[in-house]
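These notes concern the structure reproduced below.
Quick caveat: nothing in here was measured; it's all calculated off a predicted structure.
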Amino acid sequence: MYTSKIAALALIVPGLLVSGTPIFKNTGTLSGWDGTNHEHKGTVSQVSDQSYKPDTSIKVVQIYDSSYTGRYHSEVYKKDAYKVGDDGFYGFAFRLDPTWDTSHGQSYNIAQTISNLEDNPDNTCNDNWIPSMMIWVEKDQLYIRSKGGNMCRGTLKKYTIGTVKPGSWHRVVLEAKWRSDSTGYYKVWFDGEQALEKSNIVTTYNDSQKKYGFQFRTGLYANGWHDDKKMEGTQGTRQLWIDEIGIGNKYEDVDPGTK
């Protein structure tokens with residue numbers, strides 16, 4: 001039997017670090033995060049009517065507005081999830097709304113690592129918040145990308161993880177070696193089964209001083225609406241649920257299916 005979510009929420013084993021990053025565990029609550037980011041009409045809330053494990057989860061919603069030109073984030077985030085050179089594991093469970101329209105190919109991001117690289121010497125493109133890893137849904141497929149090196153001319157690769165079923169809970173675990181050269185590594189498990197393993201890839205941006213900590217964000221970023229400057233189809237409200245989020249140094253630390 002699972003214990004109360006409030007009691008289970010913790011930064012487990014204080015002082016146990018992954019290259020200076022605390023192990024983090026969240027059981028579907030708004031407590032313990034470094035912040036939330038909900039833009040325009042988006043919302044982020046703690047609910048008890050849906051959860052992967054009893055008894056709460058985080059519900060994220062975004063609503064399209066044709067007169068709005070900004071971004072569509074509804075996310076929670078944890079700071080300093082990694083710096084270049086770190087290794088780590090990252091996991092979460094998610095559930096798309098049962099009515100989620102999979103007939104259109106726009107991108108809906110559900111997890112990412114991101115940092116403000118505005119003052120990085122390589123930043124000749126005058127951007128500020130730049131993501132490295134992203135996990136997203138297109139139609140009924142789940143994808144992950146690796147990106148790194150020079151942030152303005154980054155090496156980007158896209159990989160398929162698996163098929164998503166709206167209304168069902170899915171589990172994702174990522175093992176990553178965060179490298180700005182071609183010695184990086186990804187391994188992904190989807191619903192407890194290995195779905196991907198890639199070696200000799202670039203997974204983060206140049207940072208010789210190890211200055212920039214990357215946030216781990218999860219929730220909903222309807223980036224297709226912003227990037228395409230339109231909404232495809234007629235489903236102007238998108239919502240999903242997130243639960244059992246973890247950052248650790250081994251698979252069992254972060255797998256939502258671990259009891």
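You'll find the side chain of T183 stays beyond 4.5 Å of the side chain of K177, heavy atoms only. Residues E197 and Y185 form a side-chain contact, since some pair of their non-hydrogen atoms from C-beta on lies under 4.5 Å apart.
Between R179 and D87 there is a salt bridge, since at least one side-chain N of the basic residue sits less than 4.0 Å from a carboxylate O of the acidic one. Between R171 and D255, at least one side-chain N (NZ, or NE/NH1/NH2) sits under 4.0 Å from a carboxylate O, which counts as a salt bridge.
In the hydrophobic clustering of ILVMFWY residues, with side-chain heavy atoms under 4.5 Å counting as a link, Y186 and V172 come out together.
In this structure, the side chain of S74 engages the main chain of V61 through a donor-acceptor pair within 3.5 Å. Side-chain atoms of D243 come within 3.5 Å of backbone N or O of Y52 as a donor-acceptor pair. At distances below 3.5 Å, not a single donor-acceptor pair connects side-chain atoms of H40 with backbone N or O atoms of Y72. In this structure a side-chain-to-backbone donor-acceptor pair under 3.5 Å is present from N26 to T29. Not one N or O on the side chain of R217 forms a donor-acceptor pair closer than 3.5 Å with the backbone of T113.
No more than 12 heavy atoms of other residues, nucleotides or ligands sit less than 6.0 Å from atom NZ of K198. Within 6.0 Å of NZ on K139 lie no more than 12 heavy atoms contributed by other residues, nucleotides or ligands. More than 12 heavy atoms of other residues, nucleotides or ligands lie within 6.0 Å of CD in Q194, so this atom counts as buried by the packing criterion.
For the residue pair D119 and Y212, a side-chain donor N or O sits within less than 3.5 Å of a side-chain acceptor on the partner.
Looking at I58, I135, V60, V164 one by one, the single match for side-chain contact (heavy atoms from CB on, under 4.5 Å) with F94 turns out to be V164.
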